[in-house]
A.B. asks: 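Pasting a structure below so you can have a look.
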Amino acid sequence: EVQLVESGGGLVQAGGSLRLSCAASGFSFDDYAIGWFRQAPGKERESSSYISYISSSDASPYYADSVKGRFTISSDNAKKTVYLQMNRLKPEDPAVYYCAASLVVTTTPAPYEYRYWGQGTQVTVSS
């Protein structure tokens with residue numbers, strides 16, 4: 001069974017940090033790229049919420065402008081886990097954060113190219 005399980009969300013003060021984890025199982029992790037998306041309250045999980053991506057076949061991780069310089073994506077292939085280190089969290093960052101897996105690995109996948117999705121983890125930022 002294919003599974004992507006996010007963890008690490010929670011409540012943090014503005015300016016604080018959280019590290020999200022995305023643990024994968026049930027598929028060949030090395031063959032997939034992993035992306036992070038977020039869905040703000042009352043909004044759809046649309047392409048504008050695409051925030052980061054990493055692939056072992058692409059040397060350049062992707063970051064949305066809204067998180068560039070604050071968030072860092074990394075991967076531990078041995079643990080089949082991708083991390084999203086989120087620093088200097090802002091009041092506009094609260095959302096449910098999802099990870100997803102795509103077979104497009106040599107360039108940044110489009111949102112529709114993600115095949116598997118996790119259930120999400122809630123991030124709340126207090127001001």
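Remember, predicted model here, so these are calculated numbers, not experimental data.
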A.B. asks: Please tabulate, one pair per line, all N/O donor-acceptor pairs under 3.5 Å involving side-chain atoms of residues 20-27, not counting sequence neighbours.
C.D. replies:
none

A.B. asks: Using side-chain contact (heavy atoms from CB on, under 4.5 Å) as the criterion, list what pairs up with P61, not counting sequence neighbours.
C.D. replies: Y63, I73

A.B. asks: For V105, which residues count as a side-chain contact (heavy atoms from CB on, under 4.5 Å) partner, sequence neighbours excluded?
C.D. replies: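 For V105 the side-chain contact (heavy atoms from CB on, under 4.5 Å) partners, ignoring immediate neighbours, are A33, S55, S57.
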
A.B. asks: Side-chain atoms of residues 5-18: list all donor-acceptor pairs with protein atoms under 3.5 Å, sequence neighbours left out, distances to 0.1 Å.
C.D. replies:
{"residue": "E6", "atom": "OE1", "partner": "Q119", "partner atom": "N", "Å": "3.1"}
{"residue": "E6", "atom": "OE1", "partner": "G120", "partner atom": "N", "Å": "2.8"}
{"residue": "E6", "atom": "OE2", "partner": "C99", "partner atom": "N", "Å": "2.9"}
{"residue": "E6", "atom": "OE2", "partner": "G120", "partner atom": "N", "Å": "3.2"}
{"residue": "S17", "atom": "OG", "partner": "N87", "partner atom": "OD1", "Å": "2.9"}

A.B. asks: Can you run down the salt bridge (charged side-chain N to carboxylate O under 4.0 Å, His left out) pairs that involve residues 96-111, sequence neighbours left out, and say none if there aren't any?
C.D. replies: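 Pairs touching residues 96-111 that pass the test: none.
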
A.B. asks: For Y97, check ring pair (Phe, Tyr, Trp, His ring centres under 6.0 Å) against everything at least two apart and list the hits.
C.D. replies: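 With neighbours one apart ignored, the set is empty.
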
A.B. asks: Just jot down the side chain to side chain donor-acceptor pair (under 3.5 Å) partners of S28, sequence neighbours excluded, or say none.
C.D. replies: D31

A.B. asks: For S75, check side-chain contact (heavy atoms from CB on, under 4.5 Å) against everything at least two apart and list the hits.
C.D. replies: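 S75 satisfies side-chain contact (heavy atoms from CB on, under 4.5 Å) with F29, I54, N77, V82 once adjacent residues are dropped.
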
A.B. asks: For R70, what residues pass the side chain to side chain donor-acceptor pair (under 3.5 Å) criterion, not counting sequence neighbours?
C.D. replies: D93

A.B. asks: K68: what forms a side chain to side chain donor-acceptor pair (under 3.5 Å) with it, not counting sequence neighbours?
C.D. replies: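 By the side chain to side chain donor-acceptor pair (under 3.5 Å) rule, K68 matches D65.
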
A.B. asks: With S74, which residues qualify under side-chain contact (heavy atoms from CB on, under 4.5 Å), at least two apart?
C.D. replies: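 Once residues adjacent in sequence are excluded, the partners of S74 under the side-chain contact (heavy atoms from CB on, under 4.5 Å) criterion are Y83.
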
A.B. asks: Any disulfide bond (SG atoms under 2.5 Å apart) involving residues 55-88? Give me the pairs, sequence neighbours left out, ordered by first then second residue.
C.D. replies: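 Counting only pairs at least two positions apart or across chains, no disulfide bond (SG atoms under 2.5 Å apart) contact touches residues 55-88.
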
